[in-house]
Structure formats: structure tokens, C-alpha cells
Colleague: 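One structure, pasted below without further comment.
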Amino acid sequence: MARRKRRYWLMKSEPDVYSIDDLARDKRGEWEGVRNYQARNFMRDEMAIGDLVLFYHSNAKPPGVAGVARVVTEAYPDHHAFDEASNYYDPKSDPEAPRWWMVDVEFVEKLPELVTLDALKAEAQPEGPLEGMLVARRGQRLSIQPVDKAHFARVLRLGGAKTRVR
DNA sequence: GCCAACGTTGGC
DNA sequence: GCCAACGTTGGC
């Protein structure tokens, strides 16, 4: 049986909408509302229970990685897409053939230090410890991104996390 | 609030 | 199947 390679992710959320503090309060949350095919495919096809997630605050001052979460479900249809009253309603998503999927995540920790986008970019320079990290690339809008294990570990270290990668 | 980057839509 | 127009993301 083929072993899964990818186990680390970065997921963006606007803290005005849903922050790491909200997840800390809720303990667990639905990652609904992803309306981008590439991001959906990552959730639906590649995420698995137990994967670790860098919780990134976008549209924040400053933007950056604010915490750690863990994937706790397989992907399942995003039912908000079927709800006409929802902001995430999409008439093209059919309950018989859902277009949009989501996972649930649980709170792991809030980082003692926000790892700002500036700090990520500084380390993503050529030869830097985060070279190639997607979130540091100009114009990178994808809201769910795979993260190299070494990069994940480095960001945890920068943030003073208790979480360790194995 | 501006606007660059880029994904999606739809006319052809 | 091309590509211009449009809408959204998200840093600044």
C-alpha cells in the first residue's frame, strides 16, 4: 500500500471572520466556504485525519502564522453550498454531486509568537530555511497550501511552538 | 482604499 | 479552445 507523503498544510483564514482564538474557544471547527478547485482538491484528495495545519491569518495586520491545528475528518460535502441563506451558497453545487468539500479541524495551539509574513519572506530567500515556501511567494492566493515537513518544523520553531513534527 | 495577481466566465 | 472581461484575494 502506497504511503501518503504529504502531511503538512497551511490554511488561510481572515481573523475578522475566524481566528485562531475562535478555534481555541470552539476546540473544533468546520473549514467551510472554500470555493477554489485547487484548494478543494487538496482537502478532498490529499488531506487525511491527523495531518497538521499552520493556521494563517490573512488580511490581518500583520498577516502571519498564528497557530497550529489538526485535521480530524476526511473531506465531506460542504453543505453550506446547498443553503440559499448562506454566504457560501452555490447553486451549481448539487447535493447528488457536490462541487465543494470541507474538513473539520481541531485546535492544537496558539503560537506564543506570530510568525509574520515578513519573517516567512525573509527566510524564504534563496538558500534560506524556508526557500520555496508557497505562502511567501508574491501573488500566491491559494487558501490551502501543502507545506514541506522541514518548513513546517521551522515555522513551529520561529513561533516558539510546543508542537513537534515527528 | 488601492491595485497586482490570478482564477473564472462566457462570447466567439 | 482562445482570450477579454470580470471578480476575488490579500498585501500594502
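Proteins get letters first, then strands, A, B, ... in listed order; numbering begins at 1 in each.
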Colleague: Check if the side chain of A/Arg141 and the base of C/dT8 share a donor-acceptor pair of N or O atoms closer than 3.5 Å.
Modeller: yes
Colleague: Roughly how many Å is it from NZ in A/Lys121 to P in C/dG11, rounded to a whole number?
Modeller: 8 Å
Colleague: Does OP1 or OP2 of B/dT8 have a side-chain N or O of A/Lys92 closer than 4.0 Å?
Modeller: no
Colleague: If you assign A/Gln38 and A/Asn59 each to the DNA chain B nucleotide with the nearest heavy atom, which residue ends up on the more 5' nucleotide?
Modeller: A/Asn59
Colleague: B/dC6 P sits how many Å from A/Arg138 CZ, rounded?
Modeller: 7 Å
Colleague: Quick one: A/Asp90 CG to B/dG7 C1', roughly how many Å, whole number?
Modeller: 15 Å
Colleague: Of the candidate nucleotides B/dG7, C/dC12, B/dT9, which contains the atom at the shortest distance from the side chain of A/Asp118?
Modeller: C/dC12
Colleague: For A/His57 and C/dC12, give me the distance from atom NE2 to atom P, rounded to whole Å.
Modeller: 17 Å
Colleague: What distance do A/Glu30 atom CD and A/His79 atom NE2 have between them, rounded to the nearest 0.5 Å?
Modeller: 4.0 Å
Colleague: Rounded to the nearest 0.5 Å, what separates atom CG in A/Asp78 from atom CD in A/Glu32?
Modeller: 6.5 Å
Colleague: How long is the gap from CZ on A/Phe55 to CG on A/Leu10, to the nearest 0.5 Å?
Modeller: 10.5 Å
Colleague: Compute the centroid of each ring, for A/Tyr76 and then for A/Trp100, and state whether the two points are separated by less than 6.0 Å.
Modeller: no
Colleague: Which part of the nucleic acid, if any, lies within reach of A/Lys61 when heavy atoms closer than 4.0 Å are counted: base, sugar-phosphate only, or nothing?
Modeller: nothing
Colleague: Take atom CD of A/Gln140 and atom P of B/dC6, then tell me their distance rounded to the nearest Å.
Modeller: 8 Å
Colleague: Is the backbone N or O of A/Glu131 less than 3.5 Å from a side-chain atom of A/His151, with the two atoms forming a donor-acceptor pair by type?
Modeller: yes
Colleague: How many whole angstroms separate atom CG of A/Asn87 from atom C1' of C/dT8?
Modeller: 15 Å
Colleague: Just to confirm, is there a sub-4.0 Å distance from OP1 or OP2 of C/dG11 to any side-chain nitrogen or oxygen of A/Tyr56?
Modeller: yes
Colleague: Can you tell me the distance, in whole Å, between the CG atom of A/Leu134 and the C1' atom of C/dG11?
Modeller: 17 Å
Colleague: Expressed in angstrom and rounded to an integer, what is the separation of A/Ile144 atom CD1 from C/dT9 atom P?
Modeller: 13 Å
Colleague: Do the side-chain N or O atoms of A/Lys12 get closer than 4.0 angstrom to the phosphate oxygens (OP1, OP2) of C/dT9?
Modeller: no
